[in-house]
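As structure tokens, the structure follows; a few thoughts come after it.
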Amino acid sequence: MTPAFTLGLAFAMLLSTAGLQAQVTYRFLGEEPARVRHFLDIDRIDVNGDLRSFWRLTNLLEKDRIGALSTRTRSELNCRERKTRSVFVIHHQGPSAGGQIIASLRAEDDAWKDVGGTGVEATLLELVCSVASSTTGPGYVKPPPPPPGSEAEKAEKAEKAAKEAKK
């Protein structure tokens, strides 16, 4: 086996067991007019100077062109320059990274993009850049909760109520 094949096989095995790993804590980031909902995995943010690497979950109202209802995206953010880019995308058949993995591939557009002053990307920048050290290692400082009365707090309460209602 070639090293690239072996690495690809190991990554595929890791993805196939992702559902068996510890539960992930997502922070609601916002909703777009097309009813696309964005979440940040606040438990796995890696810090390297001004750079942050993190996982983002996106739930779609309708299936995308390949039949996915959600995606997990590995992204990078440069806090000092206020730029972000996607690195890797995993497409799931079900919502909230559930169901079968349809595709996992490098992001089609991995160019750095400016983060504006409002919206989902600005909320993402604020939360991710508030983390002073990697959440996967010692010295992790959890981001503060959303401000009382904010849209993010209301959305988190609604998400918790919906989960409780399903139980």
Would you compute the distance between atom [atom1] of [X] and atom [atom2] of [Y] and round it to the nearest 0.5 angstrom?
X      : Y     : atom1 : atom2 : result
Ile102 : Thr71 : CD1   : OG1   : 10.5 Å
Thr73  : Phe54 : OG1   : CZ    : 9.0 Å
Ser75  : Ile45 : OG    : CD1   : 11.5 Å
His91  : Arg65 : NE2   : CZ    : 7.0 Å
Leu124 : Arg56 : CG    : CZ    : 5.0 Å
Trp55  : Arg74 : CH2   : CZ    : 6.5 Å

Do side-chain atoms of [X] reach the backbone of [Y] as a donor and acceptor pair under 3.5 angstrom?
X     : Y      : answer
Thr84 : Glu76  : yes
Arg82 : Gly116 : yes
Asp50 : Asn78  : no
Ser70 : Gly94  : yes

Connected via hydrophobic side-chain network under 4.5 Å: Val120 and Val89: no
State plainly whether one hydrophobic cluster holds both Leu69 and Phe39, where clusters connect Ile, Leu, Val, Met, Phe, Trp and Tyr through side-chain heavy atoms under 4.5 angstrom apart.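 They do not share one cluster, since no chain of ILVMFWY contacts under 4.5 Å joins Leu69 to Phe39.
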Test side-chain contact (heavy atoms from CB on, under 4.5 Å) on His92 and Ile101; report intermediate values, then the result. CA-CA 5 Å; His92 293 267; Ile101 294 174; 3.7 Å; yes
Check Asp43 against Asp41 and note the closest heavy-atom contact, atom names and distance.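 In this case the closest contact between Asp43 and Asp41 is N-OD1, 3.0 Å.
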Can you name the closest pair of heavy atoms from Leu57 and Arg72 and give their distance?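 In this case the closest contact between Leu57 and Arg72 is CD1-CG, 4.2 Å.
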Which is it for Arg106 and Val87 under the side-chain contact (heavy atoms from CB on, under 4.5 Å) test, yes or no, and what are the steps along the way? CA-CA 6 Å; Arg106 289 204 57 80; Val87 179; 3.7 Å; yes
Could you give me the CA-CA distance, side-chain angles and deciding distance for Arg52 and Val47, then say whether side-chain contact (heavy atoms from CB on, under 4.5 Å) is met? CA-CA 5 Å; Arg52 307 289 189 273; Val47 177; 3.5 Å; yes
